[in-house]
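All values below were derived from every heavy atom in this structure, side-chain atoms included, with hydrogens, water molecules and symmetry-related copies excluded.
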Amino acid sequence: MKTNGYLIYRLVLLASLHFSVEKVRDIAEDYEEYLNQREPSEKLEAPRQFFSAILREDRRYRPRLKTILAFLAAALLFSGGVWGVGVAPLSLVAVGLPVAVWIAIDGGAAARYSPKHPHAIWCVLAPFLCISLLAVGCLLFMDAVVTETIQISPDTAQHFHMALHGCSGASLILFLVSACRLWRSSIWYFCPLTQAVSGWCFFRSIHSILTRMDLSAQPLTEHFYCLFPLILGLATSLTFALRIRKLKGRGSTQWMDK
């Protein structure tokens, strides 16, 4: 059973899509008062039900213009990452897509009401370590091929392509899982969501190099440019982590276990 803190957090996420920070704070206070005064035998009014009643009273069913524009920007950036090639567009996606999502959901307001997460620091470090190790492995393999340290067969090259597709798929799964956990549990899951975007951009940029040119004809260091989307995305994740840590609000956001 969810605690009052989790219920209020879910309500804040819903309200942030439609109202200003001041209005969201008032709604959160009203819902907290309702939860504290509710009789144990009384049926709980879930965050969505409580918020739907507010929307009906205010006759306001559409999201804020800023929310709509931010989600539209996120969709355009994602489309650019799917159809575009090159390090520069993917670097823009790695940074711009998480920022657009943060603005759309008003992450600052959500962070102030996010329940304490017992392993908040692992939401930052664990995906960072996994993605970084995979990235280093891919780059070392490509460097060995370019410098002719190893010779690869067509089957090996095909397996490498399949591995890149698998890593891209894993990044997408991490993005979806993080988005779900962000909605249901804690704003801290925004950090692995951001890292998932940067990982996807990195593997996408590696794949674009392999499909558009002869790897053996590349300058020895050109494939290392693929690190730019990854580095920028991980730096963005760290920035959001520090931002979440700084936001005090209700005093429930924590950086490490206590």
Side-chain angles (χ1 to χ4, degrees), residues 2-35 45-55 58 60-75 77 95-124 127 174-197 233 236-256:
K2 294 294 185 181
T3 64
N4 288 358
Y6 280 103
L7 295 173
I8 294 172
Y9 169 72
R10 296 276 294 277
L11 177 68
V12 167
L13 281 177
L14 283 171
S16 296
L17 300 175
H18 294 262
F19 299 110
S20 66
V21 174
E22 293 76 14
K23 179 68 172 178
V24 170
R25 183 174 62 247
D26 293 339
I27 292 173
E29 290 175 353
D30 291 342
Y31 191 56
E32 183 178 26
E33 183 178 355
Y34 158 74
L35 292 175
E45 192 170 2
R48 188 176 296 277
Q49 296 171 321
F50 189 88
F51 185 64
S52 296
I54 294 175
L55 286 180
D58 287 13
R60 192 172 168 174
Y61 295 93
R62 295 182 179 179
R64 298 175 304 168
L65 178 61
K66 184 172 73 171
T67 298
I68 296 173
L69 292 177
F71 275 128
L72 179 61
L77 285 167
V95 177
L97 181 56
V99 171
V101 174
W102 177 271
I103 294 173
I105 65 173
D106 200 347
R112 291 185 176 92
Y113 289 88
S114 180
K116 181 177 68 174
H117 191 272
H119 305 291
I121 195 168
W122 288 106
C123 285
V124 183
L174 177 61
F175 177 88
L176 296 175
V177 170
S178 299
C180 180
R181 297 300 297 169
L182 182 155
W183 179 259
R184 299 183 65 86
S185 300
S186 171
I187 194 65
W188 275 106
Y189 285 99
F190 191 82
C191 295
L193 181 150
T194 302
Q195 293 173 7
V197 174
T236 303
S237 174
L238 179 60
T239 301
F240 280 121
L242 295 175
R243 173 66 175 161
I244 294 171
R245 181 189 180 189
K246 184 179 179 180
L247 291 171
K248 301 299 182 182
R250 294 164 56 85
S252 56
T253 302
Q254 300 294 326
W255 173 245
M256 298 180 68

>> If you apply the rule side chain to side chain contact (heavy atoms under 4.5 Å, CB included), what do you find for D30 with F50, and how did you get there?
In response: CA-CA 10 Å; D30 291 342; F50 189 88; 4.3 Å; yes

>> Show the nearest heavy-atom pair for residues S186 and P115, with the distance to one decimal.
In response: OG-O, 4.0 Å

> Say you draw a straight line from CD1 of I54 to CZ of F19; how long is it, rounded to the nearest 0.5 Å?
Replying inline: 7.0 Å

>> Can you give me the closest heavy-atom contact between L247 and A111, atom names plus distance?
In response: CD1-CB, 3.3 Å

> So, do Y31 and N4 sit near enough that their side-chain heavy atoms are less than 4.5 Å apart?
Replying inline: no

> So how far is it from R181 CZ to L174 CG, rounded to the nearest 0.5 Å?
Replying inline: 13.0 Å

>> Taking salt bridge (Lys or Arg N to Asp or Glu O under 4.0 Å) as the definition, give me every residue that meets it alongside K23, ordered by chain and number, with sequence neighbours left out.
In response: D58

> Which atom names give the shortest non-hydrogen contact between P47 and L11, and what distance separates them?
Replying inline: O-CD1, 3.6 Å

> Roughly how far, to the nearest 0.5 Å, is the CH2 atom of W102 from the OG1 atom of T236?
Replying inline: 12.5 Å

> Taking all atoms of both residues into account, what is the closest heavy-atom pair of T194 and G233, and its distance?
Replying inline: CG2-O, 3.7 Å

>> If you compare all heavy atoms of C191 against all heavy atoms of I244, which two are closest, and at what distance to 0.1 Å?
In response: SG-CD1, 4.3 Å

> Are the side chain of Y9 and the backbone N or O of I187 linked by a donor-acceptor pair below 3.5 Å?
Replying inline: yes

> With distance as the sole test, does R48 use its side chain to make a donor-acceptor pair with the main-chain N or O of R10 at under 3.5 Å?
Replying inline: no

> Is there a side chain to side chain contact (heavy atoms under 4.5 Å, CB included) between R64 and D106 once you walk through the steps?
Replying inline: CA-CA 11 Å; R64 298 175 304 168; D106 200 347; 3.9 Å; yes

> Do you know the tightest heavy-atom contact between A110 and L13?
Replying inline: CB-CD2, 3.5 Å

> How long is the span from the CG atom in L7 to the CD atom in E32, to the nearest 0.5 Å?
Replying inline: 11.5 Å

> With respect to F190, which candidate in F240, W183, F175 satisfies the ring pair (Phe, Tyr, Trp, His ring centres under 6.0 Å) definition?
Replying inline: F240

